[in-house]
Amino acid sequence: MQSKTLGRTDLRVTDICLGTMTWGSQNTEAEGHAQIAMARDAGINFMDTAELYAVPGSPETSGRTEEIIGRWFAAHGDRDRWVLASKIGGGGSAHIRGGRPPDAASLREALEQSLRRLRTDYVDLYQIHWASRGHYHFETYWSYAPHRQDTEAALANMAEVLSTLGDLVREGKIRHVGVSNETAWGIAQWLRLAERHGLPRLVSVRNEYSLLRRLFDHDLAELSHHEQVGLLAYSPLAGGLLTGKYLDGATPKGSRKDYQKGFWRLNEHSERATRAYHQLAARHGLDPVQMAIAFCRSRPFMTSTIVGATSTGQLATALGAAELTLAPEVLAEIDAVHRANPRPI
């Protein structure tokens with residue numbers, strides 16, 4: 001298993017990260033623990049969770065995933081072998097602190113609760129789950145309206161949040177800080193504030209990235225390169241769409257589409273692109289799941305690709321991508337499909 005440096009730190013993480021967001025909803029605790037064991041045995045040292053999980057977030061499910069991870073640590077005593085990432089919600093979830101966005105008080109409250117659930121004294125990487133000022137992630141891409149943001153309020157909130165994160169780093173409760181579902185402007189401001197005020201510097205950005213969603217390829221990739229803020233890519237299979245299991249209107253029992261009674265990534269454009277990638281994989285004798293993950297791993301801005309599964313069989317297939325390097329002709333054909341299907345979701 002390959003590893004990479006996290007930002008400008010001396011911390012190295014495997015370039016595949018274990019995603020956890022279904023543990024406590026689609027997955028039982030025993031199934032979550034089986035996935036941790038499989039990932040550990042494969043050499044993975046990086047695990048990502050959040051106070052919102054399990055998804056979909058609700059008063060009943062949020063916090064369960066951290067509890068499941070905490071009980072694993074308590075039973076196995078191996079907290080020190082894991083680089084553990086968690087996240088505070090970006091606001092707007094009524095069941096989490098009344099929907100209040102991150103601020104000095106909510107950061108402390110959220111982190112303390114996460115530490116208790118995780119049964120640990122510190123989190124290696126603490127992230128803001130989404131930008132509270134507004135963003136183009138999840139299904140908000142087509143309604144994104146940055147001209148409606150209040151610049152002064154956004155910067156004031158960033159300064160307050162980063163100052164508090166600095167306090168928490170000094171207290172030893174957080175080692176490093178990152179963001180998630182952010183934009184190039186947002187990351188630039190976090191970095192500017194850190195430099196100006198001697199506060200913690202971002203080490204990573206956790207955004208969606210896959211064959212079907214390549215928004216990171218341009219301005220964010222440039223920023224990532226020059227500032228060493230690497231990408232932690234979530235949904236490398238576009239929420240399972242790239243497995244092909246939803247083609248022709250299928251809704252497999254127990255799938256995300258079935259469990260959540262809908263699937264926003266699925267449309268005529270994403271289905272067409274998915275078929276093209278499956279045909280490409282078949283021409284080269286590749287597993288389409290492993291091809292999709294290997295593509296993410298090949299990107300120069302990628303620090304780690306987050307893989308989640310609802311079974312150990314699915315996880316085993318995903319982990320097989322660690323040994324796959326895509327040939328130049330495969331990458332060229334991927335670019336051709338992308339050129340024909342540039343924005344399917």
Side-chain angles (χ1 to χ4, degrees), residues 2 4 15-17 19 136-142 144 181 183-184 205-226 230-250 255-257 263-309 314 317-345:
Q2 296 181 22
K4 294 183 178 179
D15 76 343
I16 290 181
C17 173
Y136 52 71
H137 302 279
F138 311 133
E139 64 266 57
T140 63
Y141 183 92
W142 302 102
Y144 180 52
N181 297 298
T183 66
V205 53
R206 177 189 171 279
N207 281 7
E208 181 169 355
Y209 191 85
S210 72
L211 290 169
L212 297 181
R213 200 166 206 183
R214 294 176 55 175
L215 304 180
F216 206 90
D217 282 349
H218 301 292
D219 297 84
L220 281 162
E222 180 184 27
L223 185 151
S224 174
H225 167 69
H226 291 295
L231 176 61
L232 309 179
Y234 73 85
S235 289
L237 300 178
L241 180 56
L242 283 165
T243 67
K245 63 186 174 185
Y246 299 127
L247 294 175
D248 299 318
S255 66
R256 183 181 302 193
K257 182 183 175 187
F263 191 59
W264 66 265
R265 293 178 178 88
L266 182 61
N267 59 57
E268 62 180 303
H269 311 290
S270 61
E271 185 162 356
R272 182 178 63 248
T274 297
R275 287 187 187 279
Y277 286 121
H278 273 244
Q279 291 164 0
L280 190 165
R283 286 196 299 273
H284 292 276
L286 298 172
D287 181 285
V289 167
Q290 294 181 350
M291 183 184 80
I293 294 170
F295 171 74
C296 290
R297 293 179 59 247
S298 75
R299 307 302 284 156
F301 45 73
M302 193 68 64
T303 294
S304 193
T305 301
I306 303 170
V307 299
Q314 291 175 353
T317 298
L319 294 178
E323 306 303 322
L324 177 61
T325 299
L326 299 180
E329 56 268 28
V330 174
L331 293 171
E333 290 187 40
I334 284 174
D335 282 345
V337 174
H338 176 58
R339 181 70 180 265
N341 302 272
R343 197 181 299 171
I345 56 176

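Not measured: the values here are computed from a predicted model. Values below: all heavy atoms of this structure, side chains included; hydrogens, waters and symmetry mates excluded.
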So do N341 and H269 actually touch side chain to side chain, heavy atoms under 4.5 Å?
-> no
Decide side chain to side chain contact (heavy atoms under 4.5 Å, CB included) for R275 and V337; before the verdict, give the C-alpha distance in whole Å, the side-chain angles of both, and the deciding distance to 0.1 Å.
-> CA-CA 10 Å; R275 287 187 187 279; V337 174; over 6 Å; no
Looking only at heavy atoms, which two atoms of P344 and N267 are closest? And how far apart?
-> O-ND2, 2.9 Å
Listed partners of F138 passing ring pair (Phe, Tyr, Trp, His ring centres under 6.0 Å), at least two apart = H135
Calculate, to the nearest 0.5 Å, the distance between atoms CD and CG belonging to E208 and L215 respectively.
-> 8.0 Å
Smallest separation among heavy atoms of S210 and C296, with atom names | CA-SG, 4.1 Å
Quick one: OG1 on T303 to CZ on R297, what's the gap to the nearest 0.5 Å?
-> 13.0 Å
How many angstroms lie between atom CG of L247 and atom CZ of R272, to the nearest 0.5 angstrom?
-> 13.0 Å
Are the side chains of T317 and T243 in touch, meaning some heavy atoms are under 4.5 Å apart?
-> no
Is there a side-chain contact between L242 and F295, using heavy atoms and a 4.5 Å cut-off?
-> no
Is there a donor in the side chain of Y141 and an acceptor in the side chain of R343, or the other way round, less than 3.5 Å apart?
-> yes
More than 12 heavy atoms of other residues, nucleotides or ligands under 6.0 Å from CG of D219: is that the case?
-> no
Shortest non-hydrogen contact from L241 to Y246?
-> CA-CD1, 4.0 Å
D15 with R299: basic N within carboxylate O range, under 4.0 Å | no
Is any side-chain heavy atom of V205 less than 4.5 Å from a side-chain heavy atom of L220?
-> no
Run the side chain to side chain contact (heavy atoms under 4.5 Å, CB included) check on M291 and H284 step by step: do they pass?
-> CA-CA 10 Å; M291 183 184 80; H284 292 276; over 6 Å; no
For I306 and G19, the nearest pair of non-hydrogen atoms, with its separation, is CG2-CA, 3.6 Å
Any side-chain heavy-atom pair of H338 and Y277 under 4.5 Å | yes
Does E271 reach the side chain of L266, with side-chain heavy atoms less than 4.5 Å apart?
-> yes
Looking only at atom types and distance, does a side-chain atom of K257 sit under 3.5 Å from a main-chain N or O of A250, one as donor and one as acceptor?
-> yes
For the student: nearest non-hydrogen atoms of R265 and S235, plus distance = NH2-OG, 3.3 Å
Taking atom CD1 of I293 and atom CG of L324, what is their separation to the nearest 0.5 Å?
-> 10.0 Å
Would you check, one step at a time, whether the test side chain to side chain contact (heavy atoms under 4.5 Å, CB included) holds for L232 with C17?
-> CA-CA 8 Å; L232 309 179; C17 173; over 6 Å; no
The side chain to side chain donor-acceptor pair (under 3.5 Å) partners of R256 (sequence neighbours excluded) come to none
Looking at OG of S270 and CZ of F263, how far apart are the two atoms once the value is rounded to the nearest 0.5 Å?
-> 8.0 Å
List the steps and the verdict of side chain to side chain contact (heavy atoms under 4.5 Å, CB included) for L326 and I334.
-> CA-CA 10 Å; L326 299 180; I334 284 174; 4.0 Å; yes
In Å, rounded to the nearest 0.5 Å, how long is the span from CG of L231 to CG of L223?
-> 11.5 Å
Looking at F301 versus Y209, is the centre-to-centre ring distance below 6.0 Å?
-> yes
Please check if atom CD in E329 has more than 12 non-hydrogen atoms from other residues, nucleotides or ligands closer than 6.0 Å.
-> yes
